[in-house]
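Below is one structure, written out as structure tokens; the observations come after it.
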Amino acid sequence: MTAGRVLSPGFHSRVFDIVRRIPRGKVTTYGRIAAMLGHPGVARHVGNALAVCGREEIPVPWHRVVNASGKVSTNGTDQRTLLEREGVRFSPNGAIPLKIYVWQPPEAE
DNA sequence: GGTTTGACCATAA
DNA sequence: CTTATGGCCAAAC
């Protein structure tokens, strides 16, 4: 490889690819997606990518992605509504029990 | 091409 | 439980 300076060409695209693989009724966290991509510290970009996805109206189930606290980072109530609609139950404090609803990929590497 | 911005995360108090 | 702080790094300006 000539330069070898390729770290993440089109990071957003990779994020979308992961989010599309999330099955209905399951959720995942930003940091976890970042870890899947091989970058444990780029959780912020995962959220940023999804923000762009909403702006570009890209068909991605972004509502299935929450933060490490199990709460939605979006200000709107739409995300919670969509999740409950998929069968996800929220805790009294308004957070999701990740131990139950977190999506665990079949194969990790 | 440096500066600003984020749909975050871990830790501390 | 909440609030505050530092760090992480790509994309947009």
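Letters A, B, ... mirror the listed sequences (proteins, then strands); counts begin at 1. All heavy atoms count here, side chains included; hydrogens, waters and symmetry mates do not.
- Under the salt bridge (Lys or Arg N to Asp or Glu O under 4.0 Å) criterion, A:Arg44 pairs with no residue at all, not counting sequence neighbours.
- What separates CD1 of A:Ile33 from P of C:dC9 is a distance of 18 Å, to the nearest Å.
- Residues forming a salt bridge (Lys or Arg N to Asp or Glu O under 4.0 Å) with A:Arg32 (at least two apart in sequence, or on another chain): none.
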- Note on the structure: Under a 4.0 Å heavy-atom criterion, the protein footprint on nucleotides 1-6 of chain C, written with B, S and -, is S-----

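- Judged as a side chain to side chain contact (heavy atoms under 4.5 Å, CB included), and not counting sequence neighbours, the contacts of A:Ser73 are A:Tyr30, A:Asn67.
- Legend: residues meeting side-chain hydrogen bond (donor to acceptor under 3.5 Å, both in side chains) with A:Thr74, ordered by chain and number and at least two apart, are A:Gln79.
- Judged as a side-chain hydrogen bond (donor to acceptor under 3.5 Å, both in side chains), and not counting sequence neighbours, A:Asn48 has no contacts.
- Heavy-atom contacts of chain A under 4.0 Å fall on DNA chain B between two terminal nucleotides, which in 5' to 3' order are B:dG6 to B:dA10.
- The environment of A:Arg85 atom CZ is sparse: at most 12 non-hydrogen atoms of other residues, nucleotides or ligands sit within 6.0 angstrom.
- In terms of position along DNA chain C, the nucleotide closest to A:Arg44 lies nearer the 5' end than the nucleotide closest to the other residue of the pair A:Arg44 and A:His12.
- Taking A:Ala68 as the reference, nothing meets the side chain to side chain contact (heavy atoms under 4.5 Å, CB included) condition, with sequence neighbours excluded.
- Within 4.0 Å of A:Ala68, counting heavy atoms only, lie sugar-phosphate atoms of the nucleic acid but no base atom.
- Listed by first and then second residue, the ring-ring contact (aromatic ring centres under 6.0 Å, His included) pairs that reach into residues 44-75 of chain A are A:Phe11-A:His45, sequence neighbours excluded.
- Toward the 5′ end of DNA chain C lies the nearest nucleotide of A:Gly41, the other residue of the pair A:Val52 and A:Gly41 mapping further downstream.
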